[in-house]
Structures are given as C-alpha cells and as structure tokens.
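Not measured: the values here are computed from a predicted model. Reminder, nothing fancy here: chain letters follow the sequence lines and each chain counts from 1.
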Amino acid sequence: MKRYYITTPIYYVNSAPHIGTALTTIVADACARFQKQRGREVYFLTGTDENAPKVHRVAQERGVPTQQFVDEMAEVFERAWRALHIEYDIFIRTTEERHKRVVSEVFRRLREQGDIYKGSYQGWYCISCETFFASSKIDESKTCPDCGKPLEWRDELCYYFRLSDYESRLREHILANPQFIQPEVRRNETLGFINEGLQDIAVSRTGSDWGVPVPDDPNSGVVYVWFDALLNYLTATGWLERGEAYLDTWPPDLQLMGKDILPRFHATIWPAMLMALGLPLPERLYGHGWWIVNKQKMSKSLGNVYAPLEVAQSLADAAGCELPYAVDAFRYYMLREMPTDADAEFSLEGFEARYNGDLANDLGNLLHRTLSMMHRYFEGRVPDGARLDAELADLFAQQAARVTEAFEAVDFPRGLREAWQIIGAVNRYYDEQAPWTLMKQGNTERAGQVLYAGLIAARLLGGLSEPVMPQVAREIARQLNLSSVPCWSDAVVMNAIPTGHILQEPKPIFPRLQPQRSTGGTPVQAQPTLERDTQATATITMPDTITIDEFKRLQIRIATVKAAEPVPKSTKLLKLTLDVGGEERTIVAGIAEDYTPEQVVGKQIPVLVNLQPALIRGIVSEGMMLAADVDGKAVLLHPDREVPSGSGVR
RNA sequence: GGCGGCGUAGCUCAGUUGGUCAGAGCAACCGGUUCAUACCCGGUGGGUCGGCGGUUCGAGUCCGCCCGCCGCUACCA
C-alpha cells in the first residue's frame with residue numbers, strides 16, 4: 001500500500017526557524033501524526049534549501065566557508081524541529097549528492113526531449129527572491145514586485161523551460177481537480193495567474209558557482225534554484241535510485257507551504273515539471289496564511305520575528321509548566337489560530353489566553369478534577385458497573401467524527417473547537433450530576449458512573465489531541481495509566497477502561513498563569529506575563545520608526561523644473577527635466593492628473609536624488625519628487641523662498 | 001485603475017443550496033457551585049449582520065451601486 005507522503009517546503013538556511021516556518025512544519029507534523037494515528041504508513045519530508053546563491057552570499061558575508069555554513073544551519077533546523085516535537089521521516093538537504101544527481105538527470109531528460117532549450121536572456125532579476133521578472137511586469141520599475149528590493153539587469157545565455165507549453169494542461173488539471181489547490185483563494189489566484197499567460201522560465205543562472213552545475217555544459221552556470229529545490233520532493237522518494245519502488249511513496253498526498261510560494265511555484269512550475277517528466281501530480285497542495293505581528297507582516301528586517309522555542313521556554317518559566325508541555329502548548333496555539341486564507345495575528349497575549357483558557361482551565365482541569373475525585377472517592381480504582389451514559393457516548397462519537405473530518409481538511413482551528421466541545425459537555429455533565437453530592441447522599445454507584453464519563457473523555461481527548469500535542473497526550477495516558485495513547489479508531493471505543501483499572505495520581509500538566517494581584521485584595525490590571533520576560537523572547541523593535549542614520553541615507557535636494565512634458569500613452573505621468581545644482585536629471589512623476597506641464601515649469605521642488613533609477617514607460621526616472629498627498633491628489637511642495645538649485649534638505 | 005475576497009456582539013470569529021441565522025468562544029458584569037489548577041456551571045450584552053437601493057410572501061444569505069480593508073495585477077516612485 002502506498003505511503004501517505006507529506007511535505008513541507010525546504011527552508012532557506014540563511015536564517016533560523018521562526019514562527020512562520022514553524023507554522024508550516026507544525027501543521028505538517030500534525031497532519032503526519034494524524035494519518036499515522038489513523039493507521040496509515042506515513043512518509044513525512046522536510047529539509048533545507050542550501051543551493052541558493054543567497055545562501056552562498058550570506059555565508060560569505062559572515063566569512064564562513066559555504067559548506068560549513070550550510071552544515072551548521074541544517075543542524076540548527078534539525079535541532080529546532082526536534083525540540084518542537086516534529087517527527088519527520090526524512091530531512092533532505094539539497095547539497096546531498098543524490099539530490100544533485102536527480103537535478104542533473106531531470107535537466108538532461110527535459111533538455112533531450114526539448115522541454116528545456118537554450119536561449120538568450122535579458123531581464124530583471126531579484127537576487128533575494130531568486131526570480132526573474134518579465135519585462136512586462138516591471139517596465140515601470142526596477143524594484144522587485146515581491147520584496148521591493150532593487151533588481152539587477154541580467155543579460156546572459158541560458159536555458160529555458162517550456163512552461164508556456166503546459167499552460168492549458170495545467171489549467172485543465174486545476175479545473176478538473178478542485179482539491180488540487182487549497183484553500184479556494186489560492187486556487188483562484190493560481191488560475192488568474194495562469195490565465196494571464198505563462199512564459200517560459202529561465203532555468204539556469206550564471207554569476208555564481210554555488211549550486212548544481214548545468215550538466216554537460218560547464219559554461220552555463222548552475223541550475224535555477226527553484227528548479228533545483230522543487231525536485232527535492234522527488235529525490236526524497238528514491239526516484240532514480242530505487243527503480244519502480246519509489247512509487248510506494250510518490251506522488252505526494254499533501255504538500256504544505258505558505259501562501260506566497262503556492263501559485264507561482266508549487267502550482268505552476270512544479271506540476272509542469274512533473275508533466276514534462278511524465279510523473280503523476282501531487283494530490284493536494286495547501287497554502288496557509290501568514291502570521292502578522294502588531295498588524296505588520298513578520299519579517300527579519302522589521303525585527304518582529306519570534307523564535308518558537310524561546311516563546312515556549314518563556315511560557316514554561318512564567319507558568320511553571322514543564323518544557324515539553326509548553327512546547328505542545330505552543331503547537332496548540334499555532335494550530336488553533338492557524339491562518340488559513342487570510343493572515344492572522346500572532347501575539348503572546350493570545351498565546352497566554354489559549355494556554356490559560358483552553359489548556360489549563362479546560363483540558364488540564366478536566367483531567368485533574370476527574371482523577372482527584374476518582375482518588376478521593378474510589379481510591380483510584382475504576383468502580384464496578386461504571387458505564388458511559390448513552391447520550392454522552394453519542395456526543396463523544398459525533399464530535400470525534402467532526403474532528404476527523406476537520407483534521408483531514410487541514411482545518412485545525414475547527415477540529416480543535418470540535419474536540420473542545422467534549423470538555424464543555426463533561427463539565428456541564430458534572431455540574432448537573434454533581435458526583436460530590438451523590439457521594440454525600442451515599443449514591444456511590446451513580447457517582448462512579450458519572451466520573452467514568454470524565455475518564456473516557458480524557459482518554460478520547462488524549463487520542464484526538466495527539467497530533468497536536470504528542471507529549472501532552474502521552475502524559476494524559478500516563479495519568480490514566482494506559483499503556484499508550486490510543487490510536488484513532490481505538491480512542492472512540494467508549495467503555496474502554498475496565499472495572500478495577502488503577503489510575504495514577506493527578507498532576508497538573510498546565511499550571512495556570514497567575515495574573516498579578518495587589519495585597520489589598522483588589523485585582524490590578526493583569527500583566528501579560530510573557531511580555532515582562534523580554535530576555536527570553538525576541539526583541540521587538542518599533543516597526544514604524546527609523547534611526548537618524550537611516551534617514552541620513554536619503555539624499556533630498558531642491559530641484560528647479562526646467563522643462564515638463566506629458567509622457568505619451570499615459571494619463572498620469574509627466575516627464576520632468578530638473579536642475580539639481582548644475583546636474584540635470586530626468587524624472588517621471590505621476591502628477592499629470594493634478595498639474596499641467598505649464599504649471600510646474602520653473603517651480604522648485606524637493607527631490608529624492610539617490611533613489612534607485614527606474615524605467616517607466618521607456619523613460620529612465622532618476623529620482624522621486626516629494627509632494628503632499630491630499631486624498632490621493634499630489635500637491636507640490638516649495639521652499640519658503642527661492643533657493644539655489646541643488647540645495648540639500650535636512 | 002482592473003480582477004478576486006472580505007466587512008456579523010468590546011475582541012476573535014461560525015453562519016450549507018434565502019424562511020428559529022441573529023450565533024459560538026474570549027473579555028466584562030451578575031448569580032450558582034465547591035470535586036478541581038481562584039476552577040466549573042448558568043444568566044446578562046439593547047450587534048440597523050459596512051451603507052443605500054432592488055428581487056422575494058420572506059435576505060448576513062441573491063442582484064446593483066457606494067464606503068472601508070486585504071490579496072493579485074497595473075501607466076505608484
């Protein structure tokens with residue numbers, strides 16, 4: 001029987017794991033554990049992308065040999081994932097020889113059959129994103145449409161992959177297989193992208209010798225890193241090495257990633273490559289949303305990057321929770337709040353709220369109160385005749401089915417909500433039945449039955465939450481004195497704990513985070529406990545401030561407008577010729593709807609002169625005019641009195 | 001500017017094909033309970049379901065327009 005093959009992207013090793021990569025990997029791990037628990041054989045792949053020129057560059061900047069650098073970083077990732085209880089089956093590194101052989105072989109085959117051909121390339125390239133951009137996409141700009149960094153002009157002979165040949169087949173496949181790209185937003189986005197027309201992509205790069213050399217053509221540089229990287233999914237199955245046996249794993253059942261690399265790469269280039277190779281396509285591609293922090297996209301440059309382990313460690317310290325359970329709590333938070341189509345806010349306050357509310361008060365307390373009563377009333381032995389009420393049994397089974405369905409759909413927020421319904425039901429049941437009152441009335445038999453519901457619920461919850469919180473599930477099983485966490489089908493067996501079964505002493509798994517209280521008994525504002533521990537969490541800078549040094553990098557000068565004319569075939573643009581203190585500059589400004597050429601000639605305006613030049617409508621714009629923005633309309637700024645052209649602005 | 005999506009209680013959000021759909025969780029307040037990790041249970045929230053029209057016996061749920069936010073894209077710079 002074919003293994004359930006699940007993948008994460010391989011991660012760039014130029015920075016350590018953060019909550020973004022952790023999200024993808026934790027989701028993948030939870031999916032993998034879920035499938036395993038359901039009895040499937042699972043093959044779970046993650047790894048590192050080490051062939052990127054960017055990686056080479058970062059290593060050089062740090063003065064470390066690149067191979068040594070990637071070795072160290074791969075180790076950082078493996079350690080981080082193990083610490084987060086990620087149970088992958090294979091960790092692939094693209095610098096491995098066997099992967100390089102696969103890349104070479106695929107390149108050769110596609111070149112032989114004409115899917116890869118040699119041509120010349122002139123175009124704009126973003127080093128950071130490792131991506132070429134069609135001139136149609138950037139002819140008004142010289143910055144990367146994705147990351148905003150300056151693009152480099154490349155003019156080189158290189159190999160192309162005939163992506164355009166696969167346009168209609170891709171579209172047909174996507175239309176015929178609704179589950180292929182999820183969620184729906186990404187599917188629509190991909191279709192939109194494809195419908196604009198796919199162009200052949202350059203799949204070789206010169207300028208760096210770090211990577212897989214183009215086979216049999218030593219002067220053609222290395223294979224494009226995306227072409228290289230995507231093939232890791234194939235390498236990991238043993239394709240090329242194991243004959244037909246790789247089909248016990250191929251194709252992937254579920255490929256997870258962030259939404260940014262789904263439409264353009266995993267949903268177009270990747271399946272097109274596979275079509276060219278004549279291989280079956282992945283069953284399902286799933287792109288999740290991103291975490292945002294303080295309403296801002298998380299990024300290293302903004303300095304709002306959290307390290308998962310530090311977040312977990314600081315919770316452990318603040319709450320007195322054992323680290324493995326704090327890590328599981330972090331996993332729970334990631335999955336409970338997992339961004340699906342839209343982005344979601346990550347915050348320590350939110351994490352704490354989930355910890356106290358869902359884990360300490362709900363899950364932890366239910367287990368603890370149940371075991372406490374079992375020990376107090378029954379000396380820790382399951383009493384005779386204990387049996388689950390039919391009504392509760394039905395509810396448990398129904399909720400378990402809903403959890404299954406949600407997990408299968410990679411909808412962990414919904415699945416966990418459904419699982420937690422069980423906790424609410426048992427708490428209400430306890431309240432109605434009041435086993436403590438039954439005991440006082442001497443009705444021990446009924447009390448035992450009621451508490452039995454709590455035991456079964458705890459056992460079931462341990463099973464249902466195992467994909468999310470494996471260590472916690474184990475601890476629940478230990479306290480219930482079960483030999484192991486029940487597998488999925490076994491977890492829903494309702495009267496599975498036998499009469500006479502001995503239970504362990506209860507011990508809180510998630511000690512509650514205590515809000516601060518004043519000695520006078522008046523509650524004071526609860527302090528976000530984690531936030532006080534700034535040592536343990538990543539530093540968060542004020543994202544919307546810059547330093548004076550950063551400001552000084554902007555060279556703003558007063559320019560005098562010598563000439564102005566409309567830009568042909570444009571409605572918004574004026575071409576301005578400026579005197580910037582003896583030097584003449586041409587800039588293109590989007591003010592034609594607000595000013596006529598006559599109105600601006602002779603005016604003095606502040607201009608940012610050290611902006612990266614941009615090609616706009618075929619005109620090189622060498623700077624940016626500063627103007628007030630009034631409801632989208634430009635209003636020119638002038639010096640208080642006439643000043644020499646080229647005067648600096650500070 | 002174009003295409004797509006979204007805008008539901010203080011916060012985070014559920015709401016299939018139009019008719020108990022006006023909801024859940026959290027926060028707050030009130031009450032109850034005491035087995036439990038000051039926990040749990042119940043109650044309360046005057047939400048014009050972004051705004052204005054329309055279709056319909058009946059619309060968060062369909063249509064049009066407008067406002068706001070997001071994504072992709074574009075003659076943003």
Side-chain angles (χ1 to χ4, degrees), chain A residues 136-143 145 148 183-193 195-196 259-260 263-264 289-290 292 319-321 336-337 341-345 347 349-350 353-354 356-377 413-414 417 420-421 423-424 426-440 447 450-451 454 506-515 517 523 526 567-573 587-593 607-608 611-614 616-619 621-627 629 632 634:
Chain A
S136 67
K137 307 235 176 206
I138 49 104
D139 68 352
E140 88 297 347
S141 168
K142 262 188 182 174
T143 55
E184 186 109 9
V185 210
R186 303 279 90 84
R187 182 168 181 264
N188 294 336
E189 214 175 282
T190 306
L191 284 170
F193 177 66
N195 286 338
E196 283 175 26
K259 62 179 183 179
D260 53 324
R264 287 188 199 173
W290 284 356
I292 52 176
C321 175
R336 179 64 179 73
E337 307 277 347
D341 44 350
D343 296 339
E345 179 83 20
S347 73
E349 292 84 352
R354 287 289 170 209
N356 261 356
D358 295 0
L359 299 178
N361 295 347
D362 287 347
L363 180 60
N365 184 57
L366 176 65
L367 176 68
H368 193 257
R369 71 189 303 202
T370 300
L371 287 177
S372 295
M373 283 188 274
M374 288 303 299
H375 277 88
R376 176 186 290 230
Y377 303 145
R414 192 175 96 226
R417 264 199 310 272
W420 255 244
Q421 293 286 321
I423 300 173
V426 175
N427 277 330
R428 272 188 298 279
Y429 181 67
Y430 278 178
D431 208 59
E432 287 159 10
Q433 302 293 325
W436 46 92
T437 305
L438 291 169
M439 287 307 291
K440 281 176 193 156
V450 171
L451 292 178
K507 182 185 170 204
I509 301 173
F510 305 108
R512 198 165 200 280
L513 270 170
Q514 294 301 331
R517 284 170 187 278
V567 174
K569 289 198 295 179
S570 81
T571 55
K572 289 184 179 176
L573 302 179
I587 70 170
V588 177
I591 56 169
E593 289 178 342
V607 171
L608 180 62
L611 182 68
Q612 175 99 9
I616 301 170
R617 280 275 150 194
I619 300 165
S621 180
E622 305 165 305
M624 179 170 79
M625 193 190 79
L626 303 187
D629 184 338

Would you compute the distance between atom [atom1] of [X] and atom [atom2] of [Y] and round it to the nearest 0.5 angstrom?
X: A:Asn356; Y: A:Asn365; atom1: CG; atom2: CG; result: 11.5 Å
X: A:Asp358; Y: A:Ile423; atom1: CG; atom2: CD1; result: 7.5 Å
X: A:Leu366; Y: A:Tyr430; atom1: CG; atom2: OH; result: 5.5 Å

Any base atoms under 4.0 Å from [X], or only sugar-phosphate, or nothing? Heavy atoms, all strands.
X: A:Gly364; result: base
X: A:Asp358; result: nothing
X: A:Pro435; result: nothing
X: A:Tyr377; result: sugar-phosphate
X: A:Asn361; result: sugar-phosphate
X: A:Ile509; result: base

In whole Å, measure the gap between the [atom1] atoms of [N] and [M] for me.
N: B:rA28; M: B:rC67; atom1: P; answer: 40 Å
N: B:rC29; M: B:rG19; atom1: P; answer: 38 Å
N: B:rA9; M: B:rA22; atom1: P; answer: 16 Å
N: B:rG4; M: B:rC49; atom1: C1'; answer: 23 Å

Nearest of [options] to any side-chain atom of [X]?
X: A:Asp431; options: B:rC40, B:rG42, B:rU73; result: B:rC40
X: A:Asn427; options: B:rG71, B:rC40, B:rC39; result: B:rC40
X: A:Trp436; options: B:rC39, B:rU34, B:rG42; result: B:rU34
X: A:Arg369; options: B:rC72, B:rC40, B:rC41; result: B:rC40
X: A:Ala360; options: B:rC40, B:rC35, B:rU37; result: B:rU37

| Base of B:rG60 relative to its sugar, syn (within 90° of 0) or anti? |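 Syn conformation for B:rG60.
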(Q) Let's test this: given Watson-Crick or G-U wobble pairing with both distances under 3.5 Å, identify the partner of B:rG10. (A)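 Its partner is B:rC26.
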Pairing partner of B:rA36, by Watson-Crick or G-U wobble and under 3.5 Å for both distances, is none
Any N/O pairs under 3.5 Å between the protein and nucleotides 6-10 of chain B? List them or say none.
none

inquiry  = If we count only N and O atoms by modelled type, under 3.5 Å, do the side chains of A:Asn427 and A:Arg369 hold a donor and an acceptor together?
reply    = yes
